Each structure stands twice: as structure tokens, then as C-alpha cells.
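Predicted model, so just to flag it, every value in this text is computed and none were measured. Below, chain A is the first sequence line, B the second, and so on; all start at residue 1.
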There are 2 protein chains.
Amino acid sequence: MNIGDVAALSGLPAKTIRYYEDIGLVKPLRSSNGYRTFRESDAHKLAFLGRSRALGFSIEDCRNLLALYEDEKRASAEVKDIAKQHLERIDHKIAEMKQMRATLAHLVHACAGDHRPDCPILADLATKQGDED
Amino acid sequence: MNIGDVAALSGLPAKTIRYYEDIGLVKPLRSSNGYRTFRESDAHKLAFLGRSRALGFSIEDCRNLLALYEDEKRASAEVKDIAKQHLERIDHKIAEMKQMRATLAHLVHACAGDHRPDCPILADLATKQGDED
DNA sequence: ACTAGGGCTTCCATCAACTGGAAGGTCAAC
DNA sequence: GTTGACCTTCCAGTTGATGGAAGCCCTAGT
């Protein structure tokens, strides 16, 4: 398979696949004309990568997951651990975003949003703490 | 004020402040020894930037907000609009993360997490759609 | 045989938003 | 006069790609 074929199969752009080769996530063969030649297993790996990334795993996580995926004797605990850590990061991020959202929603709500210059949003950004003289 | 002072006041690292100067967000003066000299207004701007960034506004948003902040005749509607757009982006992002979280939580829950190699997480990553031969 | 097109190759640059580090100038204190 | 903190610039690296240029390669059509 050439790169265009695995790109279509995996849903990843060819550019991304080349990048994944660069960073050592896949190691396609080369045919005599210099073209990358992907085996079935490479296509599987790329699809795996696409799905892991879609779940927000970092490239390094993906690298570990891929190694575990290829290791028939891995313990599921190792995988679960990576996933759980990622889950925690996601939870943390969600909480952070919700906090931001709440503050911002409050400001947006407080702002008249008309032609006048008075703007609680700017006022808040300008003076929240450390500036109360 | 030297950079260390505004850094302490604004809570931003000196590196970041230099970077903000690079990209034209602040324009401190220079004293004869080449050191940056920050006025009160610069310190205010940096604090403003710190808070805007903490709310997740992009640098370009910050640039616009800062311009509006400095424009005494701005219409609050302009500010509100930027904030509302940002709010939408946040909502979108939160929804996305929640979706990821749900999928991942499901997988983590399904995985025994023991010494055995069977792992529903890897199985799912490996075969979800496009692979049912 | 020639040409047009599409696909493939490499390499280099760019994005966001910093951050780290090296090499070196400056300043206040002891 | 020398330490040590603070300042300067510049270059590289981070994460995860993405865009583009220059240039092979291959197939189909004429």
C-alpha cells in the first residue's frame, strides 16, 4: 500500500502519517522507487493511532499504548493506568474550563453590549485583585 | 520599573513579558543601560493580559480587548461580542471533552486492570469501525 | 515518443504561546 | 574588586501537526 491508501484507510492525512514515521510511530518499508510501502499491520497501527489521538491521548501516551498493543504478554493494568491518568487530566481540564466558562458567562451577562463605552468585562479584566488602590 | 518588578506585580514570568513586547502587546521604554522601563500603564496592561489569558482568551483576542480597553469611546457591544464568541468556543470544547471522557471512562471501567493481557481498551482502540473483516 | 496529471519524495517554514539556556552586560553590596 | 542578582539578546525546543516548494515517478492518452 502506498501512503495515499493508508491515508484513506486510517482517515489520517498523508502529512500526518509521514510525521508519525518521522517520530518513529510507524516504520513502513520502502519500495525501489523510494515510495513508502505500508503493510496491513502498519495500516492497523495508524488506525489505532487515529483513534487514540481522537480520545486525546498524547503522542507519548500513544507510543506507550502502541507498544502495549503489540506486546501480547502485557498486563491490562498497565494500559488501564495510562487511561486512568488521562481520564484524570481530562477531568482536571474540564473543571478548569467550567470555571472559566462560569466567570466569562457572568461577565457577558453583566455587560449591556450596546453602543455605550461602559463595559463590566473590561472593568473586571482591568482591576480584579492587586489593583484596589 | 524594571522587568522583575512588573513580573512580580502582574504575576507573569519575565520571559513572557519580553515575549509580549516582541509581539507588540506592550511597549516599555528603555533606560540608558538598555533595561526595559515599565510605566504604571504598562503594568496595568500586563495584569490585564494575565487575567485575559487566564480566562482562555487567545493572544489575538487579548490584542483586541486591549485596544478596546484603551479606547475610551469603544462600544461595549464589541467587547461582549468577543467574549461571547469565546464562550461558545469554551462550550464547544467542554462538550468535546465530556464526550472523550465518557468514552474513556467506559473503557477504563470495562478493563480488569490486572496482570492478564486481555484489555478492552486496546481492543477498542484497535478495532472500532473500518476493521470488521 | 511526448505530455499531462496525479501521486510520491524531501526539506524548510509556520502555527500558538511560550520556555529554557547560553553568553554576556550592569548594578548594588560587602 | 568581586560576588551574585538582575538585565540583555539570540537561538532552540516544546506539541502535533500543516503548508508549500522543488522535483521524481508512473500511468494514460494521443
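With A:His86 contributing its side chain and A:Leu55 its backbone, the two residues share a donor-acceptor pair below 3.5 Å. In this structure a side-chain-to-backbone donor-acceptor pair under 3.5 Å is missing from B:Arg39 to B:Ala43. Looking at A:Asp5, its side chain does come within 3.5 Å of a backbone N or O of A:Asn2 through a donor-acceptor pair. Between the B:Arg63 side chain and the B:Ile23 main chain, a donor and an acceptor come within less than 3.5 Å of each other. A donor-acceptor pair is defined here as one N or O able to donate and one able to accept, closer than 3.5 Å; such a pair exists between the side chain of B:Asp114 and the backbone of B:Arg116. The backbone N or O of B:Leu87 lies less than 3.5 Å from no partner atom in the side chain of A:Arg101, so there is not a single donor-acceptor pair.
Listed nucleotides C:dA17, C:dG25, C:dT9 differ in distance to B:Ser58; the shortest reach to its side chain belongs to C:dA17. Considering only side-chain atoms of B:Tyr35, the nucleotide from C:dC8, C:dG25, C:dT9 that sits closest is C:dG25.
Using a 4.5 Å cut-off between side-chain heavy atoms of Ile, Leu, Val, Met, Phe, Trp and Tyr, with links allowed through other members, B:Phe48 and B:Tyr19 fall into the same hydrophobic cluster.
Whole-Å rounding puts the A:Asn33 CG to C:dT10 C1' distance at 14 Å. Rounded to whole Å, atom P of C:dA16 lies 7 Å from atom OH of B:Tyr19. Rounded to whole Å, the distance from CD on B:Glu21 to C1' on C:dC18 is 16 Å. Between the CD1 atom of A:Ile17 and the C1' atom of C:dG7 there is a distance of 14 Å, given to the nearest Å. Atom-to-atom, CD of B:Glu60 to P of C:dC18 comes out at 12 Å; the value is rounded to the nearest Å. The distance between atom CG of B:Asp22 and atom P of C:dT19, rounded to the nearest whole Å, is 14 Å.
In terms of position along DNA chain C, the nucleotide closest to A:Ala14 lies nearer the 5' end than the nucleotide closest to the other residue of the pair B:Pro13 and A:Ala14. When the nearest nucleotides of DNA chain D are assigned to B:Asp5 and B:Lys15 by heavy-atom distance, the more 5′-ward of the two goes with B:Asp5.
Within the structure, every side-chain polar atom (N or O) of B:Arg18 is placed at least 4.0 Å from both OP1 and OP2 of C:dT19. Side-chain nitrogen and oxygen atoms of B:Tyr20 include at least one within less than 4.0 Å of the OP1 or OP2 phosphate oxygen of C:dC18.
Overall bending of the helix from C:dA1-D:dT30 to C:dC30-D:dG1, expressed as the angle between end axes built from five pairs apiece, is 30° (10° steps).
Residue-level contact check: B:Ile23 touches neither bases nor backbone, having no heavy atom under 4.0 Å from any strand.
A salt bridge links B:Lys93 with B:Glu96: the closest approach of a Lys/Arg side-chain nitrogen to an acidic carboxylate oxygen falls below 4.0 angstrom.
Environment of CZ in A:Arg89: crowded, with over 12 heavy atoms of neighbouring residues, nucleotides or ligands closer than 6.0 Å.
Once you apply a 4.0 Å limit to the heavy atoms of chain B, the touched nucleotides of DNA chain D run 5' to 3' over D:dC6 to D:dC10.
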